[in-house]
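Below you'll find the structure, written out as structure tokens, and then a few comments.
These numbers come from a predicted model, not from an experiment.
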Amino acid sequence: MASDSATSLFLTLFLITQCLSVLTAAQDFDFFYFVQQWPGSYCDTKQSCCYPKTGKPASDFGIHGLWPNNNDGSYPSNCDSNSPYDQSQVSDLISRMQQNWPTLACPSGTGSAFWSHEWEKHGTCAENVFDQHGYFKKALDLKNQINLLEILQGAGINPDGGFYSLNSIKNAIRSAIGYAPGIECNVDESGNSQLYQIYICVDGSGSNLIECPIFPRGKCGSSIEFPTF
């Protein structure tokens, strides 16, 4: 009987531990940043870039990530070490990921290291909303829903190396999607401020676009370059 009681106690403690582990992995957060980057600005820096092994990406915004975030600007990260990136879970999405979520890091890669980083740092903190397949598919679907290049070109803002007012970029996107974007700039080799990343906010369920509770920190000039790619 004593042995049975000890076994029962052990199983109870084991189950409690497992439940706590799941709860720890499923971090609370308030909303998502959906972030797209302009490859011309990633590459037009002193650090430069490397095209993926599949070749030069399209001259279009590419996905950077879908990031759980909190209203105070903090964010959870690396929430579940027991859930590594597993490419077999997204095998049906790989061609879309190569096209819409290309890596530009050096040395030249296939994209898997980039996607692994995004899942393990950010995706694991939203496992109470998405599994791996759901996480990557949601980001791809958001990219399809929010065609930033088409929106900007429709407002006469083109990736031609010209300079455009920061407000005109924000207003074009707000007019198209109904919500103000966050804009992040970087600096080209000549020291010019250029359009780098655009942040759109999505509610905590991953279902609806929302007004951003807080914008990412970052300095942009009042007039910024939109470089070619």
* To do: Starting from the C-alpha separation in whole Å, work towards a yes-or-no answer on side-chain contact (heavy atoms from CB on, under 4.5 Å) for H64 and E118.
  => CA-CA 8 Å; H64 187 168; E118 291 302 309; 3.7 Å; yes
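With hydrogens and angles ignored, the 3.5 Å screen pairs no side-chain donor or acceptor of S83 with any backbone N or O of D80. In this structure, the side chain of Q132 engages the main chain of P84 through a donor-acceptor pair within 3.5 Å. At distances below 3.5 Å, not a single donor-acceptor pair connects side-chain atoms of S41 with backbone N or O atoms of Q194. Counting only distance, with no hydrogens or angles, the side chain of Y135 and the backbone of V129 share no donor-acceptor pair below 3.5 Å. The main-chain N or O of N70 is never found under 3.5 Å from a side-chain atom of S74 such that the two would form a donor-acceptor pair.
Between the side chains of E120 and S116, at least one donor N or O sits under 3.5 Å from an acceptor N or O. No hydrogens or angles considered: nothing links the side chains of N192 and S190 as a donor-acceptor pair under 3.5 Å.
The two residues S193 and C220 come nearest to each other via the heavy atoms OG-CA, 3.8 Å.
To the nearest 0.5 Å, atom CD1 of residue I224 and atom CG of residue D188 are 12.0 Å apart. Annotation: the span from D44 atom CG to T228 atom OG1 amounts to 7.5 Å, rounded to 0.5 Å. Rounding to the nearest 0.5 Å places CD1 of I210 at 6.5 Å from CZ of F31. The distance from the OH atom of Y179 to the SG atom of C212 is 11.0 Å, given to the nearest 0.5 Å. Within the model, atoms CH2 of W101 and NZ of K143 stand 12.0 Å from one another, a figure rounded to the nearest 0.5 Å. For the atom pair CG of N69 and CD1 of I214, the computed distance is 7.5 Å after rounding to the nearest 0.5 Å.
For an aromatic pair to be called close, the ring centres must be under 6.0 Å apart, and W67 with F32 fails this.
Remark: K56 qualifies as a cation-pi partner of F229 under the 6.0 Å distance and 45° angle criteria applied to the six-membered ring.
Clustering ILVMFWY residues whenever any of their side-chain heavy atoms sit less than 4.5 angstrom apart, transitively, puts I183 in the very cluster that holds W38.
Salt bridge R96/D141: present, at least one basic N to carboxylate O contact under 4.0 Å.
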